[in-house]
Amino acid sequence: MTRPIAIGLTGGIGSGKSSAATVFESLGVPVLDLDRVGHELVAPGSDGLHQLIQAFGKSMLNRDGSLNRAALAAHCFGSAEETARLNALMHPLIWQAEALWLDQQQADYVIIEASVLLESGGAGRMHGVIVVLADESLRLQRVLARGDRDEKAFVTIVARQCSDARRRAEANWLIENNGSLAELQQQVVALHRKISATL
Ligand code: ADP
């Protein structure tokens, strides 16, 4: 069986990429959330978490045995070497899970949603990349309204992610999400038609 065509969907925090993914899903396009896959691969009791602890030590665990993401981030993100070590461990696990998922899909094309697709070099595995863009001030407002991060966390994440200039340069398709949710939906529907017509 041939694998469906994989199209990446990315954008900075709060840009609206999950919202765009939901619209693709509503149109019948299978969506894999790679950030969620990454989380699940290091769930308590998983082989992935075991490997992380072997590599970075027990201080990366919370008392309840779950991964202490803040500790791991603090340990890795100041150091290119430690980040590379973390990526060398996680990326093959993520690629394997992605390949297994792709093998199970029956669709002309699928969407692989990932917040750091460009930064992680993942675009190379994709047939093309959709980038969702929105002004940073609007992204902050939306993230604060979403309620899962404060402004400090937003700024830290933005600093770790790539620039909009790079996103624009690497995108095959752009979605500008400075308007309403209805406008976002219209853009996704139009893009879906365009992509379907080229396959
Ligand atoms: P991301 O996945 O890129 O971090 P989300 O899709 O979760 O971003 O969007 C961030 C928040 O903004 C969510 O609560 C979402 O419902 C809201 N949102 C996204 N796009 C719009 C829009 N065009 N208008 C209003 N709210 C939006």
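Numbering of ligands and ligand atoms starts at 1, following listing order.
Distances from atom 23 (N) of ligand 1 to the heavy atoms of D148, N177, V143 put N177 nearest.
In this structure, K152 does not pair ionically with D150, as no charged nitrogen and carboxylate oxygen lie closer than 4.0 Å.
Closest protein heavy atom to atom 2 (O) of ligand 1: S18 OG, 2.6 Å. The closest protein non-hydrogen atom to atom 19 (C) of ligand 1 is S19 OG, 3.5 Å. In this structure, atom 8 (O) of ligand 1 lies nearest to the protein heavy atom G16 N, 3.2 Å.
Every atom of ligand 1 is numbered from 1 in the order shown, and the set under 4.0 Å from a heavy atom of G179 is 22 (C), 23 (N), 24 (N).
Considering backbone and side-chain N/O atoms, I13 never comes within less than 3.5 Å of an N/O atom of ligand 1. Between E113 and ligand 1, not a single N/O pair is under 3.5 Å apart.
The shell of residues lying under 4.0 angstrom from ligand 1, judged by heavy atoms, excludes G11. Remark: distances from the non-hydrogen atoms of G12 to ligand 1 include one below 4.0 Å.
The proximity of A145 to ligand 1, defined as any non-hydrogen pair under 4.0 Å, does not occur for either the backbone or the side chain.
Cation-pi geometry between R85 and F56 is satisfied (NZ or CZ under 6.0 Å from the ring centre, within 45° of the ring normal).
A side-chain contact (heavy atoms from CB on, under 4.5 Å) with V131 holds for exactly one of D164, I175, L117, L174; it is L174.
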